[in-house]
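Take a look at the structure set out below.
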Amino acid sequence: MTLSREILAGPTLDAARALLGAYLVREAPDGAPEARRIGRIVEVEAYIGEDDAASHARFGRTPRNAVMFGPPGISYVYLVYGMYECLNVVTEPAGRPAAVLIRAVEPVAGVPAMRAARLAHALRRAGTADARLRAIARIGALMPSGLTAGPGLVAAAFDISREDTGLDLLEPSAPLRIEAGAAAVDIVATPRIGIGYAPEPWRSLPWRFTERR
DNA sequence: GCAAAGATTTGCT
DNA sequence: GCAAATCTTTGCC
């Protein structure tokens, strides 16, 4: 199934599978092609409805999650643990709160820009000179895939923040967008990460999708 | 208004 | 393998 508004408007589990293999694209602020960042989406999680005890929508509509109740294809970015931002793609028709969390991408283009953004993010948090040196060494040594191997890291590498909430990710001219790519073939479903607070059966539902490597 | 907890990542034991 | 870092969001008084 190739990515489209229709897919995102449909069942979120189908949308999540369709997002695997699609490209996350961040246009450079100055439009320089060599600084455009592109990543192939390789790990996602689905959050479906107000009944989903792991979803931000479990409290009903709130100021933070309002966009989840809106139309599909829109971005929802939230701050987690006071430190990292995470990008979601809203799914299902307006009125039904659901989204797909982008947990990891495989860098395709713009690796230097991703590394620079990861470093800038880390340096903003580093208080001491020693911490800054460690960050430079650690991030400088990362393989490209390591730059975007987690939801907070994807956001850091692509300069995604809560200000990016509400964008239409399917709009071809959007500065941050998702483009169709070669669909993932071999998909593995496992329980979602970091939701130990949720009771069963939510905690164990296989709503995390990765591409078998 | 206050307190608790969190869709994570990193560093140290 | 575990705890700290860090601050917003939400529930409750």
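We name chains A, B, ... by the order of the sequence lines, and we start the count at 1 in each one.
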Output yes when a side-chain donor or acceptor of [X] lies under 3.5 Å from a complementary backbone atom of [Y], and no otherwise.
X: A:R162; Y: A:L79; answer: no
X: A:R58; Y: A:S55; answer: yes
X: A:S75; Y: A:G166; answer: yes
X: A:R118; Y: A:A157; answer: no
X: A:R61; Y: A:P97; answer: no
X: A:T165; Y: A:V77; answer: yes

Under 3.5 Å, which donor-acceptor pairs link side chains of residues 178-193 of chain A to any protein atom two or more places apart or in another chain?
residue	atom	partner	partner atom	Å
A:E179	OE2	A:R177	NE	2.7
A:E179	OE2	A:R177	NH2	3.3
A:D186	OD2	A:R212	NE	3.0
A:T190	OG1	A:R208	NH1	3.0
A:R192	NH1	A:A46	O	3.0
A:R192	NH1	A:D52	OD1	3.4
A:R192	NH1	A:D52	OD2	2.7
A:R192	NH2	A:D52	OD1	3.1
A:R192	NH2	A:W202	O	3.3

Contact class for A:R162 vs. all strands (heavy atom < 4.0 Å): base, sugar-phosphate, or nothing?
-> sugar-phosphate
Checking all strands, does A:L101 fall into the base, sugar-phosphate, or nothing category for heavy-atom contacts under 4.0 angstrom?
-> base
From the list B:dT10, B:dA7, C:dT8, which nucleotide is the closest neighbour of the side chain of A:Y84?
-> B:dT10
Member of A:T12, A:N88, A:L87, A:I48 meeting the side chain to side chain contact (heavy atoms under 4.5 Å, CB included) criterion with A:V100 | A:T12
Can you tell me if the side-chain N/O atoms of A:R138 get under 4.0 Å from OP1 or OP2 in B:dG11?
-> yes
Output the rounded distance in Å from [atom1] ([X]) to [atom2] ([N]).
X: A:L142; N: B:dG11; atom1: CG; atom2: P; answer: 10 Å
X: A:R208; N: B:dT8; atom1: CZ; atom2: P; answer: 10 Å
X: A:R103; N: B:dT8; atom1: CZ; atom2: C1'; answer: 8 Å
X: A:M83; N: B:dA7; atom1: CE; atom2: P; answer: 13 Å
X: A:Y78; N: B:dA7; atom1: OH; atom2: C1'; answer: 3 Å
X: A:R125; N: B:dT10; atom1: CZ; atom2: C1'; answer: 8 Å
X: A:I136; N: B:dG11; atom1: CD1; atom2: P; answer: 13 Å
X: A:L79; N: B:dA5; atom1: CG; atom2: P; answer: 18 Å

Positions of residues 151-158 of chain A (non-hydrogen atom under 4.0 Å from DNA chain B), listed by number | A:P151, A:G152, A:L153
Give, ordered by number, those residues of residues 112-124 of chain A having at least one heavy-atom distance below 4.0 Å to an atom of DNA chain B; if nothing qualifies, reply none.
-> A:R118
Nearest heavy atoms of [X] and [Y], plus distance in Å:
X: A:A122; Y: A:R138; value: CB-NH2, 4.3 Å
X: A:L176; Y: A:L24; value: CD1-CD1, 4.0 Å
X: A:P107; Y: A:S145; value: CD-CA, 3.8 Å
X: A:V105; Y: A:V154; value: N-CG2, 3.9 Å

Rounded distance in Å between the P positions of B:dA7 and C:dG1 = 23 Å
Base B:dA7 to side chain A:Y81, donor-acceptor N/O within 3.5 Å cut-off | no
DNA chain C contacts made by residues 45-66 of chain A, counting heavy atoms under 4.0 Å | A:F59, A:T62, A:P63, A:R64
Transitive ILVMFWY cluster of A:M68, excluding itself - 4.5 Å side-chain cut-off | A:Y47, A:V67, A:F69, A:I74, A:Y76, A:Y78, A:V80, A:Y81, A:M83, A:Y84, A:V90, A:L101, A:I195, A:Y197
So CZ of A:R134 and CD1 of A:I139: to nearest 0.5 Å the spacing works out to 12.0 Å
Can you tell me how far the CD1 atom of A:I41 sits from the CD atom of A:E106, to the nearest 0.5 Å?
-> 12.5 Å
Could you summarise the pairing of DNA chain C as dot-bracket text, marking Watson-Crick and G-U pairs under 3.5 Å with ( ) or [ ] inside the strand and | across strands?
-> |||||.||||||.
First encountered from the 5' end of DNA chain B, between A:C86 and A:R134 | A:C86
